[in-house]
Amino acid sequence: MASRRVSPVELRDKCSAGKCWVLLGNKVYDVSAFVNLHPGGERLLQDRAGKDIQADLNGPSHRHSENARRWLEQYYVGDLEPEPQELKPQNLKEKPQQYSSATDHKDVSTGIQFKTFSPETDLVDWEKPLLWQVGHLQEKYDEWVHQPVNRPIRLFHSDFVESCSKTAWYIVLSVWVPVVLYLSWYCLTELSQGNTRLFSSFTKDYSVPVPVFFFFPLFLIGVLIWTLMEYGIHRFVFHMNPPASNYYLITLHFMLHGQHHKAPFDSSRLVFPPVPASIVIIPLYILVQLLFPVPVGLSIFVGGLFGYVAYDMTHYYLHYGSPSKGSYLAWLKSYHVRHHFEHQKSGFGITSTLWDGPFNTLIPEDKDKDS
């Protein structure tokens, strides 16, 4: 099928109307839907509306990954028609904003053959639930799942089960924040009575009293434990490498985390639904009360639960937030997006890189390359 032709007049009109159409040589892309998701911030793309972005993709200082270039292909509109020199305007919008047409550029081929996403020719049938299909991909699964697309995913046939697998970010807050507040109040109340002692089950002579202010260091210990759990779960469970011959492990991997890497901007799948989260949270709630005096164990537990809520909210923000340029969150957003698009085998910290350093999984500093 012949490529659609885009006239310079249409390009100018779209940009003047607020759309973000960009050029890559003579190829035209409508990235309007990606503006607020771009890790570099909205302004970076908006300032390039109507311009050729070849230099920005190649760097320096940020050379984009192959997955980032493949991602761009999803927004392909058509090829730009050359404009007669005598009709070429000086600017694209009423505001002075220069753009370059295809005639201004040399060959921009990078030698990379990008696989433009097409639901009709993909390895799976996007009209059907994906969960039961991915296991059949076998050795093709790992490459397929790490080629992200910008579209929602359906996992299950049942509408009810499917709805349980999706969650809006505010549901996490509405379910778990009241639990954090109640348990914090309970622990402070119990500890303030002065009856809680460590090691009292072993000896009464050498048991250690736990004053009420110990709640705060115990809470922080719980937060620290969660950061290690966050790292370990992300690295060893979510990024396990299922054997190509094992249909069930591939299916499990896709359900737990693979679907997020395939569709990283599916807003309904960026935080954990309360029901499956409870499968992990409730046993931990019971365990800490068996290992420690109840107020002590719950003080640690509530710190961990707070850490989990902070993790989920941070993760959502790193995908959909627009942090200020130069801020820690802006750096963390870029770090996490590079994990998705280029460094899937490293960068497992979400709320911080605290454990990436000691376990040697830090994403290298990006001097001339970025996702």
Side-chain angles (χ1 to χ4, degrees), residues 37 39 164-184 216 218-240 253 255-261 263-285 287-288 298-323 327-340 343-359 361-363:
L37 304 178
C164 291
S165 72
K166 297 181 177 183
T167 307
W169 64 269
Y170 52 83
I171 297 298
V172 172
L173 293 178
S174 64
V175 170
W176 298 118
V177 168
V179 177
V180 170
L181 293 176
Y182 171 76
L183 289 179
S184 297
F216 300 101
L218 291 171
F219 184 95
L220 292 177
I221 288 172
V223 174
L224 184 63
I225 291 172
W226 164 256
T227 62
L228 183 58
M229 289 179 61
E230 170 193 313
Y231 176 89
I233 292 171
H234 192 188
R235 179 178 180 179
F236 298 109
V237 180
F238 290 171
H239 280 270
M240 65 176 174
H253 175 266
M255 180 176 64
L256 292 176
H257 197 60
Q259 44 86 14
H260 174 54
H261 270 261
F265 294 102
D266 185 343
S267 62
S268 65
R269 299 189 184 278
L270 290 176
V271 296
F272 264 88
V275 173
S278 298
I279 296 174
V280 176
I281 291 173
I282 292 176
L284 290 175
Y285 172 79
L287 178 63
V288 294
L298 289 183
S299 297
I300 297 172
F301 172 81
V302 75
L305 184 58
F306 173 83
Y308 158 68
V309 174
Y311 151 80
D312 251 354
M313 294 301 98
T314 301
H315 186 223
Y316 187 91
Y317 186 79
L318 295 183
H319 282 265
Y320 272 87
S322 297
S327 66
Y328 171 72
L329 284 175
W331 177 85
L332 196 61
K333 178 182 177 78
S334 176
Y335 185 86
H336 185 61
V337 171
R338 290 170 63 204
H339 165 75
H340 272 280
H343 297 278
Q344 295 91 355
K345 306 302 181 184
S346 57
F348 299 110
I350 304 297
T351 53
S352 75
T353 58
L354 177 63
W355 299 105
D356 277 321
F359 291 110
T361 55
L362 274 171
I363 296 176

For Tyr320, all residues meeting side chain to side chain contact (heavy atoms under 4.5 Å, CB included), sequence neighbours excluded: Leu37, Phe265, Ser267, Leu270, Tyr316
Partners meeting side chain to side chain contact (heavy atoms under 4.5 Å, CB included) with Ile279 (sequence neighbours left out): none
Could you name each residue pair satisfying side chain to side chain donor-acceptor pair (under 3.5 Å) that touches residues 219-229, not counting sequence neighbours? Trp226-Glu230, Thr227-Trp355
Look up atom OG1 in Thr351 and atom NE2 in His336, then write down how far apart they are to the nearest 0.5 Å. 11.0 Å
Is the shortest side-chain heavy-atom distance between Tyr328 and Ser352 below 4.5 Å? yes
Separation between NE2 of His257 and NE2 of His234, rounded to the nearest 0.5 Å: 3.5 Å
Any Leu354 side-chain heavy atom under 4.5 Å of Leu224 side chain: yes
Of all residues at least two apart in sequence or in a different chain, which pass the side-chain hydrogen bond (donor to acceptor under 3.5 Å, both in side chains) check with Tyr317? none
The reported gap from CD in Gln344 to CZ in Arg338 (rounded to nearest 0.5 angstrom) is 12.0 Å
Work out which heavy atom in Pro274 is nearest to a heavy atom in Ser278; give both atom names and the distance. O-OG, 2.7 Å
Does a side-chain heavy-atom distance below 4.5 Å link Leu332 with Thr314? yes
Would you please indicate yes or no on a ring centroid separation below 6.0 angstrom for His319 and His315? yes
Does the side chain of His239 reach to within under 4.5 Å of the side chain of His339, using non-hydrogen atoms? yes
Below 4.5 Å, heavy atoms only, C-beta onward: do His340 and Leu318 meet side chain to side chain? no
Residues 327-336 vs salt bridge (charged side-chain N to carboxylate O under 4.0 Å, His left out), sequence neighbours excluded, gives none
Under 3.5 Å donor-acceptor pairs involving side-chain atoms of residues 172-179, not counting sequence neighbours:
residue: Ser174; atom: OG; partner: Tyr170; partner atom: O; Å: 3.3
residue: Ser174; atom: OG; partner: Ile171; partner atom: O; Å: 2.9

Donor-acceptor pairs under 3.5 Å, side chain of residues 299-313 to any protein atom, not counting sequence neighbours: which ones?
residue: Ser299; atom: OG; partner: Pro295; partner atom: O; Å: 2.6
residue: Tyr308; atom: OH; partner: Asp312; partner atom: OD2; Å: 2.8
residue: Asp312; atom: OD2; partner: Phe272; partner atom: N; Å: 3.2

Atom CD1 in Ile233, atom CG in Leu228: separation rounded to 0.5 Å? 9.5 Å
Spatial distance of atom CD1 (Ile363) from atom CG (Asp356) [nearest 0.5 Å]: 7.5 Å
Qualifying salt bridge (charged side-chain N to carboxylate O under 4.0 Å, His left out) pairs, either residue in residues 266-280, two or more places apart: Glu162-Arg269, Asp266-Arg269
With a 4.5 Å cut-off on side-chain heavy atoms, are Arg235 and Phe359 touching? yes
Set of side chain to side chain contact (heavy atoms under 4.5 Å, CB included) partners for Phe236, sequence neighbours left out: none
Could you list the residues that satisfy side chain to side chain contact (heavy atoms under 4.5 Å, CB included) with Pro273, not counting sequence neighbours? Thr167, Pro276
